[in-house]
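Scroll down for the structure; my scribbles are underneath it.
A, B, ... follow the sequence lines: proteins, then strands. Residue 1 opens every chain. Just so it is clear, the model here is predicted, and its values are computed rather than measured.
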Protein chains: 2
Amino acid sequence: MTEHKADPGAAVLSPAPAEAKRRSRQSGRVTLAAVARRAGVSLMSASNAFRCPEKLRSDTLARVQTAARELGYIPDVLAGTLASGQSPVVGVLLPTMRNSSFERYLSGLRRAARETGRRIILSFADSPESEAEAVETFIGLRVGGVVLIGGDHSPGTLQLLRQTATPFIETWLLPADAGKGVGYDAAAAMTAMTGLHLQAGRRVLALIDHDGALAARYRLRRPAFEAAVAAVPGARGIIHPVGATDSFSEGAAAMAAILAQAPQVRAVICPTDIIAAGALFECQRRGLRVPQDIAISGWGNYEISGQTLPALTTVALDAEAIGHAALLRLMPGSGETCPAQDTGFQILRRDSA
Amino acid sequence: MTEHKADPGAAVLSPAPAEAKRRSRQSGRVTLAAVARRAGVSLMSASNAFRCPEKLRSDTLARVQTAARELGYIPDVLAGTLASGQSPVVGVLLPTMRNSSFERYLSGLRRAARETGRRIILSFADSPESEAEAVETFIGLRVGGVVLIGGDHSPGTLQLLRQTATPFIETWLLPADAGKGVGYDAAAAMTAMTGLHLQAGRRVLALIDHDGALAARYRLRRPAFEAAVAAVPGARGIIHPVGATDSFSEGAAAMAAILAQAPQVRAVICPTDIIAAGALFECQRRGLRVPQDIAISGWGNYEISGQTLPALTTVALDAEAIGHAALLRLMPGSGETCPAQDTGFQILRRDSA
DNA sequence: GGCACTCGCCCTAAAACCAGA
DNA sequence: GTCTGGTTTTAGGGCGAGTGC
């Protein structure tokens, strides 16, 4: 069936122009209608084949599926979302790539997405502005939900989510948005970690404390540290704040600063394994022995923590479980019971402390 | 204007049901129509205010903008894409989170996106299946383009992209898809790196070679290594393959295996800085001095490479530039001249080799 | 500057079809 | 041949915005 552009002048007379115009706007992609035509069923049956397969007789269903496969049909999520008002897409916002826990977190999210037929898209944001921007992109895409890390979000971000009634969930920390979040008890972990150093007989402890924007996932730790130190007579705690960027060089610089300020420090608690590794490298450069001269502990059980010499004592948390539970909890309609919200943690004692 | 759900029983009698039905399907979100109403302009003017502002008188424009801000209007990208057939969203596919070059790559992409008014969504894929799945999600979302890393993609992935006529670009390596890709010359970098070890007088060199799925971004290196070694009389090259997972422990294991197999090895060229750091840690554990006993070089100039002791000699590449150029090249319509496709590299000599 | 139509799909309602009882 | 119950079709109206006239 050949067809050329209709002469605009003849438009009124010929039946063709409407047809031609329609064609010109079509994307050329395989549509559901094409699948239906090929399978010899109605549009509705084709639609139902994807949406509620149980409504079709199995042979009809098979016909549609075959046709879809043969044609290479990929559902237009946009059109579906627009029409139904429901999107299978979940937007996940990560603060940084540098935290290897997030890799496991993501695989938990992916597993849950596979289980519930959802699709995940990602974005990274390390500042309030980029966070709001990313969330706006998600909302513009009319995602079905948004998964956030930490409880520290720019007012703009939260307002956007709320005013558009986009379901979202905050993860990683407890207590998060009461009854909704998924995470572990960072304060308890800090209490345990500080206790470990104290029980080893160390009395002058330093805490490297992340601050800055979007650093709320560290915020619960400091009070727990201070309380634990205060509970032991003769113990002293030093707080050294660092910027929110997680890097080896920050760890090295922090270690240098702490040693300059308080040479008698015997243990350094780091907010991440990256910082801890950086601090360890700095000690190596100075010829300080770890843990004999000074103990170092990290946080997060990143892969590197098991590989440095000495290996790093750290806090292991179940990022995979957090991710998995987060997605399931995001949409109550899943029909599944909501998993427990506390995914726990574990102090992983290795050689550095 | 209060309104409650219409009583289903009364549906037939009341004039409300149609209205109620309509309402029930509406998202409740702020639409362009609402903005137009509030600004007292037609729907078209409101649309134009965003799409081609120059078509409006400035006071009309301002009225629309004010109304949009007051209402908290967020354009429905879905509807816009569906209607126009063009999407401002670009899907970026990353192989892994562990490569800190990708962070810079991403910021280049983001900068370009900001410059051209596009939006970026991300996905990670480390296997052919997850790659195809991610690309399918992008295509289902009818993204305007897809940015890929490396030239090694599952046939399914490429076929999907081609059959749906989705614009895409392969980055990172040269020569990529001739005339379209953006990247650096990995073979030349390997030649230079091998030369560095040879010039230092080392004659038994080992290459740790990534293989496995999706590892094409390493594939050009080995022949260059072999050629460089062959060109120097008395030099010998050992190839040690490792799986595609980029981890410290892989590096450590590879180093152990190489030492067992060829104790006389004097230099090890690693495919990434992570592997190199892992290899270095293994040497430390064995009391081998780097670089006196054995030289190690990495690849990628990840942050860790400057922090270990000794710091790692590595290949620095301009990931930011790759990302930036990739997005600009993806859509020729940008009106900008396409930047050069070779973003170059640099051998960063530090202490480990 | 505005009207009518379109993008691809969803959804409701009601009618049509197809067994078997 | 009518009734029944499940399956499929027909018809039409959206969803929110862009496009051609």
Side-chain angles (χ1 to χ4, degrees), chain A residues 5-6 8-9 11-12 17-37 39-61 63-64 68 73-88 139-142 164, chain B residues 8 11-12 17-37 39-52 55-57 60-61 64 68 73-88 139-142 164:
Chain A
K5 278 207 159 31
V12 210
E19 176 89 350
K21 190 165 59 183
R22 172 151 10 102
R23 285 240 190 284
S24 77
R25 283 191 59 182
Q26 268 168 351
S27 64
R29 296 232 173 106
V30 180
T31 70
L32 188 59
V35 174
R37 224 174 299 128
V41 302
S42 75
L43 189 59
M44 272 321 302
S45 298
S47 175
N48 283 332
F50 292 93
R51 204 136 310 285
C52 14
E54 70 281 4
K55 281 193 175 177
L56 297 190
R57 247 188 7 232
S58 59
D59 59 331
T60 322
L61 180 58
R63 274 223 311 287
V64 176
Y73 171 66
I74 299 181
D76 188 327
V77 178
L78 270 62
T81 301
L82 187 59
S84 71
Q86 287 186 306
S87 172
I139 293 178
L141 247 18
R142 299 297 188 256
T164 57
Chain B
V12 211
E19 177 89 350
K21 190 165 59 184
R22 171 148 11 98
R23 285 241 189 282
S24 77
R25 284 192 57 184
Q26 269 169 353
S27 61
R29 298 235 171 108
V30 181
T31 70
L32 228 204
V35 174
R37 223 174 300 128
V41 303
S42 76
L43 186 60
M44 282 323 305
S45 302
S47 175
N48 283 331
F50 292 93
R51 201 137 312 283
C52 13
K55 280 192 176 176
L56 297 189
R57 266 204 335 254
T60 322
L61 180 58
V64 177
Y73 171 66
I74 298 181
D76 188 327
V77 178
L78 269 64
T81 301
L82 185 58
S84 70
Q86 288 185 307
S87 172
I139 293 178
L141 247 18
R142 299 300 188 254
T164 56

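When each of C:dC11, D:dG16, C:dC9 is scored by its nearest atom to the side-chain atoms of A:S84, the top-ranked nucleotide is C:dC11. You'll find that the side chain of A:R51 is closest to C:dC10, out of D:dT8, D:dG18, C:dC10. Nearest nucleotide to the side chain of A:Y73, out of D:dT19, D:dT8, C:dC9: C:dC9. Proximity note for B:A83 (side chain, C-beta onward) versus C:dG8, D:dT7, C:dC7: the nearest is C:dC7.
Map B:V41 and A:L32 each onto its nearest nucleotide of DNA chain C; the residue landing nearer the 5' end is B:V41.
Contact record, A:Y73 with A:T31: CE1-C, 3.6 Å, taken as the closest heavy-atom pair. Counting all heavy atoms, side chain and backbone alike, A:T81 lies closest to A:P88 at OG1-CD, 4.1 Å. Annotation for B:I139 and B:T164: closest pair CD1-OG1, 3.6 Å, computed over non-hydrogen atoms. The minimum heavy-atom distance between B:V64 and B:V35, with the atom names listed, is O-CG1, 3.9 Å.
Within residues 42-49 of chain A, the residues having any heavy atom under 4.0 Å from DNA chain D are, by residue number, A:S42, A:M44, A:S45.
Here B:T81 lies out of heavy-atom contact (under 4.0 Å) with every strand.
At its two ends the helix from C:dG2-D:dC21 to C:dA21-D:dT2 runs along axes set 50° apart, each axis drawn from five pairs and the angle rounded to 10°.
Scored by the side chain to side chain donor-acceptor pair (under 3.5 Å) test, A:S45 finds A:S42 as partners (sequence neighbours excluded).
Residues B:R142 and A:I74 meet the side-chain proximity criterion, which asks for heavy atoms closer than 4.5 Å.
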